[in-house]
Amino acid sequence: MHEKIDDINIQLDKLPPEDAINQIRSLLKQQQNRENADLWFFLGKFLWKLGKNGEAISAFTTSVDIDPNGPGKIALEMANQITEYYNPDLMNP
């Protein structure tokens, strides 16, 4: 199964982020894919690339809800650290 997921990831990385998001959302509409943590992780990854951080965090959260030890876990932790970062001496996001 992971080989297939890796292949999907490689194919998605070749696309512009908007097209990748559309393809992933299409796959997630199919009943058998709704509980696929990897697809939710990929969705979050491409949303993050487009600066849609809130939507990305939601996708990562869904990925973690499905598979608490999957790649969404680390992505969610990193996204939360980035969005919570604050330094009064610097311009903050």
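Values below: every heavy atom of this structure, side chains too, minus hydrogens, waters and symmetry copies.
Gln31 pairs with exactly one of Lys29, Glu35, Arg34 by the side-chain hydrogen bond (donor to acceptor under 3.5 Å, both in side chains) rule, that one being Arg34.
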Check: Could you go step by step and tell me if Leu15 and Gln11 meet the side chain to side chain contact (heavy atoms under 4.5 Å, CB included) rule?
Finding: CA-CA 7 Å; Leu15 299 174; Gln11 293 303 313; over 6 Å; no
Checklist line | CA sep, side-chain torsions, deciding dist, call: Ile82, Asn53, side chain to side chain contact (heavy atoms under 4.5 Å, CB included) | finding: CA-CA 10 Å; Ile82 290 168; Asn53 299 353; 5.8 Å; no
Next item on the list: For Phe60 and Trp40, run side chain to side chain contact (heavy atoms under 4.5 Å, CB included): C-alpha distance rounded to whole Å, both residues' side-chain angles, the deciding distance at 0.1 Å, then the answer.
Entry: CA-CA 6 Å; Phe60 293 146; Trp40 285 103; over 6 Å; no
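Note on Glu55 versus Arg25: salt bridge recorded, some NZ/NE/NH1/NH2 to OD/OE distance being below 4.0 Å. A salt bridge links Lys45 to Asp13: at least one charged side-chain nitrogen sits closer than 4.0 Å to a carboxylate oxygen.
Listed here is the closest heavy atom pair of Gly44 and Ala56: O-CB, 3.3 Å. Between Pro17 and Phe46, the shortest heavy-atom distance links the atoms CA-CD2, 4.0 Å. The shortest non-hydrogen separation linking Ser63 to Gly72 is OG-CA, 3.7 Å.
No donor-acceptor pair closer than 3.5 Å links the side chain of Asn33 to the backbone N or O of Asn36. One N or O on the side chain of Thr61 and one on the backbone of Ile57 form a donor-acceptor pair closer than 3.5 Å.
Rounding to the nearest 0.5 Å gives a distance of 10.5 Å between CG of Leu47 and CD of Glu18. Rounding to the nearest 0.5 Å gives a distance of 7.5 Å between CG of Asp67 and CG of Asp38. Atom CG of Leu43 is separated from atom CD1 of Ile21 by 6.5 Å, given to the nearest 0.5 angstrom. Note that OG of Ser58 is 10.5 Å distant from CG of Asp65, once rounded to the nearest 0.5 Å.
Within 6.0 Å of CD1 on Ile74 lie no more than 12 heavy atoms contributed by other residues, nucleotides or ligands.
Under the 3.5 Å distance criterion, with hydrogens and angles disregarded, no donor-acceptor pair is assigned to the side chains of Glu77 and Asn80.
Leu76 and Met78 are members of different hydrophobic clusters when ILVMFWY side chains are connected at heavy-atom separations under 4.5 Å.
Between Lys73 and Asn69, some side-chain heavy-atom pair lies under the 4.5 Å cut-off.
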